[in-house]
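Below: one structure, written as structure tokens.
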Amino acid sequence: MAAAVDVASFRRFTRMYTRLIGTLDEGLLRTEYSLAEARVLYELATRTKPNAKEIAEGLGLDPGYLSRILAKFESAALIRRRASQKDSRSADLSLTRGGRTAFETLNALAQKQASTILEGLAVRDRAQLIQAMKTIEDVLAQDGSRRRAYVLRTHRPGDMGWVVHREGALYAEEYGWDETFEALAARIVAEFVMNFDPRRERCWIAEADGQPVGHIFLVRHPEQEDTAKLRLLLVEPSERGKGLGHVLVNECLRFARACGYRKVTLWTQSILTAAHRI
């Protein structure tokens with residue numbers, strides 16, 4: 001049995017933390033969504049075609065409670081349901097454009113909140129806090145329930161240098177390509193930035209635990225108005241085999257359809273077999 005002093009310390013910490021991050025407010029981060037609703041939106045945004053059972057199990061939510069949340073989202077046109085090709089008794093869930101906007105708003109607010117808290121700490125205190133949080137997560141997730149979650153976001157200053165660096169370094173390491181390939185990646189990135197059309201082009205950066213782990217670009221075809229080109233798809237070696245490549249490509253295709261493109265092409269090398277499958 002846990003000592004009374006340990007139980008008291010545990011409860012004191014949870015009271016302090018829930019107050020600090022605002023989980024006691026009626027709407028999380030001053031939005032119209034509760035904490036549970038925000039977590040469901042996060043799962044829908046970071047999983048590939050989840051069903052209600054997967055989300056309920058991942059969050060430890062009562063299926064009936066989750067069903068009410070999903071019904072609310074459906075009424076608000078935040079999600080769509082499609083019959084699963086794997087199991088006709090269940091439905092694949094996905095966010096609509098409105099649902100994606102709601103998630104991106106919540107995600108940006110959460111990022112801002114975390115940044116504000118961390119920026120108010122001395123460097124040493126910040127490092128100590130992050131290490132303590134990792135320890136808590138590792139200890140309490142010993143049952144293997146911890147799942148690597150991905151967040152896709154659009155590019156921001158600093159990302160393009162990282163893209164070129166990872167393209168050059170990774171392909172040199174894995175395939176022995178020289179710096180001319182890095183120059184090609186730099187040229188593609190430069191053309192994207194200089195000629196960027198936000199209505200019909202996009203770059204996505206995939207993050208896990210706040211760190212970039214992949215990227216993909218969708219750009220206009222220079223000669224065919226109804227065709228887009230998929231460029232610079234990369235998934236870090238540590239994240240391969242986990243479905244991130246398909247998440248990135250599916251987001252590209254979703255955006256391409258919304259823009260009215262009828263075809264998406266991918267130019268690749270014969271030795272890149274993973275790209276062939278995609």
Side-chain angles (χ1 to χ4, degrees), residues 42 45-46 48 100 103-105 107-119 123 126-127 130-131 133-134 147-198 200-220 228-256 264 266-269 271-272 274-275 278:
Y42 183 88
T46 58
T48 303
R100 177 69 57 178
F103 164 72
E104 289 176 351
T105 298
N107 192 55
L109 289 170
Q111 288 283 106
K112 182 179 179 180
Q113 181 193 55
S115 295
T116 300
I117 294 173
L118 293 174
E119 288 168 0
V123 174
R126 186 187 309 170
I130 295 302
Q131 184 56 52
M133 296 175 91
K134 289 180 179 178
R147 182 181 67 87
R148 188 80 155 166
Y150 300 113
V151 173
L152 302 189
R153 61 169 177 80
T154 55
H155 67 285
R156 57 193 182 207
D159 285 332
M160 295 304 161
W162 175 80
V163 167
V164 174
H165 164 68
R166 292 309 297 150
E167 290 280 339
L170 196 58
Y171 284 106
E173 178 183 337
E174 296 187 340
Y175 299 102
W177 295 359
D178 62 20
E179 63 272 14
T180 57
F181 176 74
E182 187 171 358
L184 172 63
R187 186 162 63 250
I188 293 171
V189 165
E191 290 176 354
F192 174 81
V193 173
M194 297 301 293
N195 303 301
F196 180 50
D197 180 356
R200 295 176 61 78
E201 297 181 310
R202 192 68 55 91
C203 162
W204 290 269
I205 304 294
E207 291 185 341
D209 296 334
Q211 298 299 315
V213 292
H215 55 255
I216 196 170
F217 290 69
L218 187 81
V219 301
R220 294 172 298 167
K229 299 168 67 177
L230 192 157
R231 309 297 305 265
L232 299 180
L233 168 61
L234 182 144
V235 174
E236 291 289 346
S238 62
E239 305 305 314
R240 291 174 186 168
K242 302 177 183 179
L244 177 56
H246 286 285
V247 170
L248 286 165
V249 171
N250 287 339
E251 186 65 14
C252 253
L253 296 179
R254 182 196 65 80
F255 179 75
V264 175
L266 168 64
W267 179 90
T268 187
Q269 294 281 348
I271 61 174
L272 303 181
I278 290 174

Evaluate the criterion side chain to side chain contact (heavy atoms under 4.5 Å, CB included) for residue pair R153 and D159; output intermediate values, then yes/no.
-> CA-CA 11 Å; R153 61 169 177 80; D159 285 332; 2.7 Å; yes

Partner of L244 under side chain to side chain contact (heavy atoms under 4.5 Å, CB included), chosen from V235, V249, T48 = V235

Can we say E207 and R156 salt-bridge, meaning some charged N sits less than 4.0 Å from an Asp/Glu carboxylate O?
-> yes

Carboxylate-amine/guanidinium contact E167 R231, below 4.0 Å | no

At their closest point, which heavy atom of R126 faces which heavy atom of E119, and how far apart are they?
-> NH2-CA, 3.8 Å

Can you tell me how far the OH atom of Y171 sits from the CZ atom of R166, to the nearest 0.5 Å?
-> 11.0 Å

Closest approach of F255 to R200 (non-hydrogen atoms, all atoms of both residues) = CE2-C, 3.8 Å

Separation of E179 CD from L184 CG (nearest 0.5 Å) = 13.0 Å

Would a 4.5 Å heavy-atom cut-off, applied to side chains only, mark L232 and C203 as touching?
-> no

How about F181 and Y175: do any of their side-chain heavy atoms sit closer than 4.5 Å?
-> no

Could you tell me the separation between the CG atom of D197 and the CZ atom of F192, rounded to the nearest 0.5 Å?
-> 9.5 Å

From H215 atom NE2 to M160 atom CE, the distance as rounded to the nearest 0.5 Å = 9.5 Å

Just do the salt bridge (Lys or Arg N to Asp or Glu O under 4.0 Å) check on E174 and R240 with the steps written out, would you?
-> CA-CA 14 Å; E174 296 187 340; R240 291 174 186 168; 2.8 Å; yes

Would you find a donor on one side and an acceptor on the other, under 3.5 Å apart, between the side chain of N107 and the backbone of F103?
-> no

Verify, without hydrogens or angle tests, whether R202 (side chain) and L218 (backbone) share a donor-acceptor contact under 3.5 angstrom.
-> no

CD (E182) and CZ (R187) are apart, to the nearest 0.5 Å, by 12.5 Å

Are the side chains of L248 and L234 in touch, meaning some heavy atoms are under 4.5 Å apart?
-> no

Heavy atoms of W162 and V213 approach each other most closely as CH2-N, 4.3 Å

Once you round to the nearest 0.5 Å, how far does CD1 of I216 lie from CG of L152?
-> 9.5 Å

Is there a side-chain contact between V189 and H155, using heavy atoms and a 4.5 Å cut-off?
-> no

Are F217 and I188 close enough that some pair of their side-chain heavy atoms sits under 4.5 Å apart?
-> no

